[in-house]
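This report refers to the structure that appears directly beneath it.
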Amino acid sequence: MSSSEARRIHIEAWQTSGMSQAAYCRKHDLNTKTFGNWVRKHRAGQVIRPPALVPLTIKPMSMPANTLRLRGRGDHVLELPPTVSPHWLGELLKCL
């Protein structure tokens with residue numbers, strides 16, 4: 001295993017441990033300043049991706065005439081009464 005792979009494994013283990021960097025370093029006998037440099041370099045090398053839009057499919061379904069039902073990916077369903085304001089619905093969909 002390369003040293004960069006070992007560093008990555010330590011960083012990922014620390015991130016999932018819930019421990020502070022200092023506590024993780026004490027437990028694994030690592031120098032805290034060196035580990036902090038590893039983390040800084042690791043973060044600098046990561047690509048920050050902008051938030052992505054989630055595809056939404058609206059399918060007609062047999063339902064009571066007084067309900068608007070929007071179905072997203074998976075089992076997510078949003079049911080709204082027909083009296084909901086189109087403006088409010090537009091603002092809600094912008095937030096999702």
Side-chain angles (χ1 to χ4, degrees):
M1 174 182 333
S2 69
S3 62
S4 62
E5 180 69 12
R7 291 174 185 175
R8 186 188 59 77
I9 289 170
H10 269 298
I11 291 168
E12 289 175 359
W14 161 68
Q15 289 173 328
T16 59
S17 73
M19 302 169 82
S20 68
Q21 284 187 20
Y24 183 86
C25 289
R26 278 192 301 273
K27 182 177 179 181
H28 295 279
D29 197 28
L30 298 170
N31 181 290
T32 55
K33 289 186 179 186
T34 301
F35 186 73
N37 285 333
W38 293 355
V39 171
R40 182 180 49 79
K41 289 177 183 176
H42 178 75
R43 287 180 179 158
Q46 290 181 337
V47 176
I48 298 173
R49 295 184 182 107
L53 294 175
V54 177
L56 179 69
T57 305
I58 300 175
K59 297 179 181 178
M61 296 177 54
S62 61
M63 62 182 146
N66 62 352
T67 303
L68 172 64
R69 183 179 294 166
L70 303 175
R71 184 176 301 272
R73 182 180 288 173
D75 294 331
H76 302 292
V77 176
L78 176 63
E79 291 185 5
L80 301 168
T83 57
V84 70
S85 158
H87 176 73
W88 180 87
L89 180 58
E91 291 299 314
L92 174 67
L93 292 174
K94 284 181 194 175
C95 294
L96 298 175

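These figures come from a predicted structure and were not determined experimentally.
Screening Asn37, Val39, Asn31 for a side chain to side chain contact (heavy atoms under 4.5 Å, CB included) involving Phe35 leaves a single residue, Val39.
The environment of NE2 in His28 is crowded: more than 12 heavy-atom neighbours from other residues, nucleotides or ligands sit within 6.0 Å.
One finds the OG atom of Ser85 at 9.5 Å from the CD atom of Glu91 (value rounded to the nearest 0.5 Å). Atom-to-atom distance recorded for Ser20:OG and Lys27:NZ is 12.0 Å, nearest 0.5 angstrom. If you take CD on Gln21 and CD on Gln15, they are separated by 9.5 Å, rounding to the nearest 0.5 Å.
Heavy atoms only, all atoms of each residue included: Cys25 and Thr32 are closest at CB-CG2, 3.6 Å. Counting all heavy atoms, side chain and backbone alike, Ile11 lies closest to Trp38 at CD1-O, 3.6 Å.
Residues Leu78 and Leu92 have side chains in contact (heavy-atom distance under 4.5 Å, counting atoms from C-beta outward).
A donor-acceptor pair under 3.5 Å is formed between the side chain of Trp14 and the backbone N or O of Met19.
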